[in-house]
Visitor: 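The structure is given below, and queries will be raised subsequently.
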Amino acid sequence: MREVRTGLPFAPTWWSFIFPLGACVTGTGALASRTGSQLFVWAAVTLYVVLVAAWSAVSWKSLRHAVGHLRAGARR
């Protein structure tokens, strides 16, 4: 909770969230294709949107983090 209150600073370990989410999307998509259930189709689509949003956010934060380190190294 302390980290959330301070703005949840970026850490490269955020990438560890992407793989399990992608596995969940893949599994839900497989269930949707095997069963034909609209519930699984919509769940897969929703999870995919969340995956893309998470990947985009982590990518953006990673780029900003890298640029910050490059600038700090250039000042030395």
Visitor: Scan for side chain to side chain donor-acceptor pair (under 3.5 Å) pairs involving residues 40-53, sequence neighbours excluded, and state none if there are none.
Guide: none

Visitor: Which side-chain N or O atoms in residues 16-23 pair as donor and acceptor under 3.5 Å with protein atoms at least two apart or in another chain?
Guide:
| from | atom 1 | to | atom 2 | distance (Å) |
| --- | --- | --- | --- | --- |
| S16 | OG | T13 | O | 2.5 |

Visitor: When Ile, Leu, Val, Met, Phe, Trp and Tyr are grouped by side-chain heavy atoms lying under 4.5 Å apart, directly or through other members, which residues fall in the same group as L70?
Guide: none

Visitor: Quick check: is V58 connected to V52 through a chain of hydrophobic side chains (ILVMFWY, heavy atoms under 4.5 Å apart)?
Guide: yes

Visitor: Any side chain to side chain donor-acceptor pair (under 3.5 Å) involving residues 19-28? Give me the pairs, sequence neighbours left out, ordered by first then second residue.
Guide: none

Visitor: Are V41 and L47 linked, directly or through other ILVMFWY residues, by side chains that come within less than 4.5 angstrom of each other?
Guide: no

Visitor: For residues 29-38, which side-chain N or O atoms pair as donor and acceptor with protein atoms under 3.5 Å away, sequence neighbours left out?
Guide:
| from | atom 1 | to | atom 2 | distance (Å) |
| --- | --- | --- | --- | --- |
| S33 | OG | A30 | O | 3.0 |
| T35 | OG1 | L31 | O | 2.7 |
| T35 | OG1 | S37 | N | 3.2 |
| S37 | OG | L39 | N | 3.2 |

Visitor: Output all residues satisfying side-chain hydrogen bond (donor to acceptor under 3.5 Å, both in side chains) with W15, sequence neighbours left out; order by chain, then residue number.
Guide: S62

Visitor: Are W60 and L51 connected into the same hydrophobic cluster when the rule is that any two of I, L, V, M, F, W, Y join if their side-chain heavy atoms are below 4.5 Å apart?
Guide: no

